[in-house]
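Below you'll find the structure, written out as structure tokens, and then a few comments.
Letters go in sequence order (proteins before strands), and every chain restarts at 1.
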Amino acid sequence: MKDYLRSIINQSLHQFDLSDDDISEIQIEKPNQPEHGDAASNIAMNLASVLKMNPRKIAEQIVEELKYDEQKIQSVEIAGPGFINFRFAENYLFNQLDDILKQGANFGKSDALKNQRILVEFVSANPTGPLTVGHGRNAVLGDTIANLLEWTGAEVDREYYFNNAGRQMRMLGESVRARYLQLLGHETKLPEDGYKGEYIKNIAQELIAENSDNLVEVEEVDPFKDKAEQIIFNDIQSTLKRMNIEMDSFFNEKEVYEDGSINQTVKILREKDLAYDKDGATWFRTTEFGKDQDTVLIKSSGEPTYRLPDIAYHANKLDRGYDQCIDVFGADHIDTYPDVLSGIEALGYDRSKIDVVVYQFVTLVKDGKPFKMSTRKANFITLDELMDEVGADVTRFFFEMRDPNTHLEFDVGQAKEAGEKNPVFYLQYAHARIHSILRKVEQEYTFDVEDQPNLELLSHESETALIKSLLRFSEIIQSAADSREPHRLINYLEDLASIFTSFYHDCRILGEEEGLVQARSALAKATAQVLANGLGILGISAPEKM
RNA sequence: GCGCCCGUAGCUCAACUGGAUAGAGCAACUCCCUUCUAAGGAGUAGGUUACAGGUUCGAGUCCUGUCGGGCGUACCA
């Protein structure tokens, strides 16, 4: 519809002497006030300065020349400072409703990103412990953004990047060893900065079960570290699965060392004089890219900092032919990505292909008090524990319901009191309610399959409002995908559910004249479909009974 | 000090990327279950969008400054 409105406005604009630049962007919006119609354009106001004319005058001229299909548009009005307001024709609404029913589970999909291959990298937690609430936001945002992109036609891969080498992993191994020895009765202390979580003991138990005390004399940390990694990764995978998340690939940082791309990266940077040696370390001239300081790529110990493999890894992604790479990470990593982009650019890649979604921290609120967490100190709440308390659907919903860019307060109490105060249930309830009605309709009426419902019977204002709301679904998906903001979909679904509830109260289905029963059932069914499709994108179940 | 993000109803947050009268949910108050699920609905109250300037037809949204909060600012990840 928006495209149609753009095209007819564009036609009418030919009367003015305008360059293409001036009219490239014809904005169509849904007005806040219903009396302003179903769609509005501010084009006249935007052209006022270019044309040096009164915007209302421009609007009048546009409308005068406007040729539109009366099957689609019922009326066009000029209002306020120069808005052009459109009202949709009923026939158009009925046709579109019919279309929703025909498209069913596919309604809302588009091919806007057809043939685009997109890699979404998210979670990417190193296997040093179970996923915590902090990772939860990352995981859910990444997965939902991936879903949204798939619905707009892109071919999406989900990737988990990790590092199982380095100091943290050695520390993990040492922590397991200490617990192992302790459990076997040896006097030993957990290393300074060791991992104190209960899960370390469980890993040690596992080692005892498999090896009894055979590892007591072992010098290397590997048996402890490897076992820990294996158990923790299994745990992470099962947590993700529980949240309805399935990765397409796991990328080990080790790969960019082994295939030589680390060395290659440094070599190219040196050739371009963007890397140099100082104080025994290798530096990246990030000042060339607007930073205050240069950045160390390789420490004087010979060990690269994480920035170097990060750059090589992103080059690797682009080498794999992705048109767009999206990284999801927390605000604490905000400083690293400009360096990665600079690195990518220096290597000759198009930096605009890397897109970053930064989300702000999660504050867990329990018993009305904020709860600070740290993996190493072990006073964290794992995602699994959270899901034990509130369930997977609620967990996903809470992580999705806010703008990624603002702090998220996750009130466990509110989430748990799920019954009444929880917004997730409002959506699921609306869906279940519709199915409950449809079941009854099915019992009490038998409609001929060939007998098309007469949608023109849907003339109540609650019915019209509901149809209009349903029709917005595709563009909401589009905007949520473009902006990488899943909460827009939630806002929409809540609005839709609320509009449906008004319809539910105003318009009975059972007991009405048969044609009306059929038409309203069709509308209810379309609503359930959109709710189910939307919840599906969010990774939340759409129960038919509650 | 510098960089990024945030500041909207008592609380948690929206506001379609600059549009028309700033909206929801909790909490408070008043009503509504012989009617397809009351996990619901109708209504009342609650605001100088932190503050001060600026840009323009038009600002919660953009720019500058101030105040307040979060996160960074390592040869840690």
(request) Could you give me the CA-CA distance, side-chain angles and deciding distance for A/Tyr359 and A/Phe122, then say whether ring-ring contact (aromatic ring centres under 6.0 Å, His included) is met? (result) CA-CA 12 Å; A/Tyr359 62 90; A/Phe122 61 109; over 10 Å; no
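- A/Lys317 has a carboxylate O that lies under 4.0 Å from a charged side-chain N of A/Asp327, or vice versa, which qualifies the two as a salt bridge.
- Between the C1' atom of B/C36 and the CZ atom of A/Phe503 lies a distance of 10 Å, rounded to the nearest Å.
- You'll find that the side chain of A/Arg433 is closest to B/A38, out of B/C4, B/A38, B/A77.
- Residue-level contact check: A/Asp292 touches the backbone only, with heavy atoms under 4.0 Å from sugar-phosphate atoms and none from bases.
- Within the shown strands, nothing qualifies as a pairing partner of B/U17 under the Watson-Crick or G-U definition with both distances less than 3.5 Å.
- Side-chain proximity of A/Ile334 to the nucleotides B/A14, B/G3, B/A20 is greatest for B/G3.
- Between the P atom of B/G23 and the OH atom of A/Tyr492 lies a distance of 21 Å, rounded to the nearest Å.
- Nucleotide B/C71 is shown with an anti base, its glycosidic torsion being more than 90° from 0.
- Proximity of the aromatic rings of A/Tyr4 and A/Phe86 is defined here by a centroid distance below 6.0 angstrom, and this criterion is not met.
- Closest to the side chain of A/Ala432, from the set B/A20, B/U37, B/G19, is B/U37.
- Among the protein residues, A/His487 comes within range of the sugar-phosphate backbone only, with heavy atoms under 4.0 Å from sugar or phosphate atoms but none that close to a base.
- Among the heavy atoms of the strands lying under 4.0 Å from A/Thr406 are primed sugar atoms or P, OP1, OP2 only; no base atom is included.
- Nucleotide B/A59 forms a pair with no other nucleotide shown, judged by Watson-Crick or G-U wobble geometry with both contacts under 3.5 Å.
- Considering only the side chain of A/Met45, B/C57 comes nearest among B/C57, B/A20, B/C71.
- With a cut-off of 3.5 Å on both pairing distances, the Watson-Crick or G-U wobble partner of B/G43 is B/C29.
- For A/Asn163, taking side-chain heavy atoms from C-beta onward, the closest of the listed nucleotides B/A77, B/G69, B/C36 is B/A77.
- Between B/C76 and A/Lys299, a contact under 4.0 Å exists linking OP1 or OP2 to a side-chain N or O.
- With respect to the salt-bridge test (charged N to carboxylate O, under 4.0 angstrom), the residues A/Lys278 and A/Asp294 do not qualify.
- Results of the salt bridge (Lys or Arg N to Asp or Glu O under 4.0 Å) test with A/Glu463 over A/Arg508, A/Arg520, A/Lys468 single out A/Arg520 as the only residue that passes.
- A distance-only check finds a donor-acceptor pair linking the side chain of A/Arg137 to the backbone of A/Gln360 [under 3.5 Å].
- B/U17 and B/U73 have their P atoms separated by 35 Å, given to the nearest Å.
- For A/Asp332 against B/G72, no side-chain N or O and base N or O form a donor-acceptor pair under 3.5 Å.
- Side-chain N/O atoms of A/Asn405 include one lying less than 4.0 angstrom from OP1 or OP2 on B/C6.
- One atom, CZ of A/Arg170, and another, C1' of B/A77, lie 13 Å apart when rounded to the nearest Å.
- B/U17 shows a glycosidic angle within 90° of 0 and is accordingly assigned syn.
- Judged by distance alone, with hydrogens and angles left aside, the side-chain atoms of A/Asn85 form no donor-acceptor pair with the main-chain N or O of A/Ala40 at under 3.5 Å.
- Rounded to the nearest Å, the gap between the C1' atom of B/A27 and that of B/A45 is 12 Å.
- Nucleic acid contact class of A/His505 (heavy atoms, under 4.0 Å, all strands): sugar-phosphate only.
- Across all strands shown, B/U73 forms a Watson-Crick or G-U wobble pair with B/G1, both key distances being under 3.5 Å.
- In this structure, A/Asn126 reaches the sugar-phosphate backbone alone: every heavy-atom distance under 4.0 Å involves primed, P, OP1 or OP2 atoms, never a base.
- Remark: the separation of the P atoms in B/G72 and B/A77 is 16 Å, to the nearest Å.
- Contacts of A/Ala40 with the nucleic acid, taken as non-hydrogen atoms under 4.0 Å apart, include base atoms.
- For A/Ile509, counting side-chain heavy atoms from C-beta on, the closest listed nucleotide (B/U12, B/C75, B/C36) is B/C36.
- At a threshold of 4.0 angstrom between heavy atoms, the contacts of A/Asn85 include nucleobase atoms, whether or not backbone atoms are also involved.
- Here A/Thr305 does not reach the OP1 or OP2 of B/C75: none of its side-chain N or O atoms lies under 4.0 Å away.
- The line from NZ of A/Lys30 to NE2 of A/His36 is 12.0 Å long, rounded to the nearest 0.5 Å.
- Within 4.0 Å of A/Asn46, counting heavy atoms only, lies at least one base atom of the nucleic acid.
- For the pair A/Tyr429 and B/G41, the criterion of a side-chain N or O lying under 4.0 Å from OP1 or OP2 is not met.
- Ring-base stacking between A/Tyr504 and B/G40 is not satisfied when judged by a centre separation under 5.5 Å and a plane angle under 30°.
- For B/U8, there is no paired base (Watson-Crick or G-U wobble, both distances below 3.5 Å).
- Using P as the reference atom, B/C57 and B/C11 are 38 Å apart when rounded to the nearest Å.
- Comparing B/U12, B/C16, B/G19 by their closest approach to the side chain of A/Lys30 singles out B/C16.
- Pair assignment for B/U64: B/A52, on the basis of Watson-Crick or G-U wobble contacts that are both within less than 3.5 Å.
- The same atom, P, is picked in B/A22 and in B/C36; the two are 38 Å apart, to the nearest Å.
- One P atom belongs to B/C16, the other to B/A74, and the distance between them is 37 Å to the nearest Å.
- At the heavy-atom level, A/Glu35 lies under 4.0 Å from base atoms of the strands shown.
- Taking atom C1' in both B/C63 and B/G70, one finds a spacing of 24 Å when rounded to whole Å.
- In this model, the phosphate group of B/A14 is not approached by any side-chain N or O of A/Asn491 to a distance below 4.0 Å at OP1 or OP2.
- Nucleic acid contact class of A/Lys440 (heavy atoms, under 4.0 Å, all strands): sugar-phosphate only.
- Phosphate proximity of B/C36 to A/Arg439: absent, as no side-chain N or O sits under 4.0 Å from OP1 or OP2.
- Cation-pi geometry between A/Arg472 and A/Tyr492 is not satisfied (NZ or CZ under 6.0 Å from the ring centre, within 45° of the ring normal).
- The side chain of A/Asp335 approaches B/G72 more closely than any other nucleotide in the set B/G19, B/A77, B/G72.
- Counting any heavy atom pair closer than 4.0 Å across all strands shown, A/Ala331 reaches sugar-phosphate atoms only and no base atom.
- A/Asp495 comes within contact range of no nucleotide atom at all, as no heavy-atom separation falls under 4.0 Å.
- The aromatic rings of A/Trp283 and A/Tyr276 sit parallel, their planes meeting at an angle under 30°, below the 60° perpendicular limit.
- Among the atoms of the strands shown, base atoms are found under 4.0 Å from some heavy atom of A/Ser300.
- Rounded to whole Å, the separation between the P atoms of B/G46 and B/G10 comes to 11 Å.
- As judged by a 4.0 angstrom heavy-atom cut-off over every strand, A/Ser498 is placed among residues making no nucleic acid contact.
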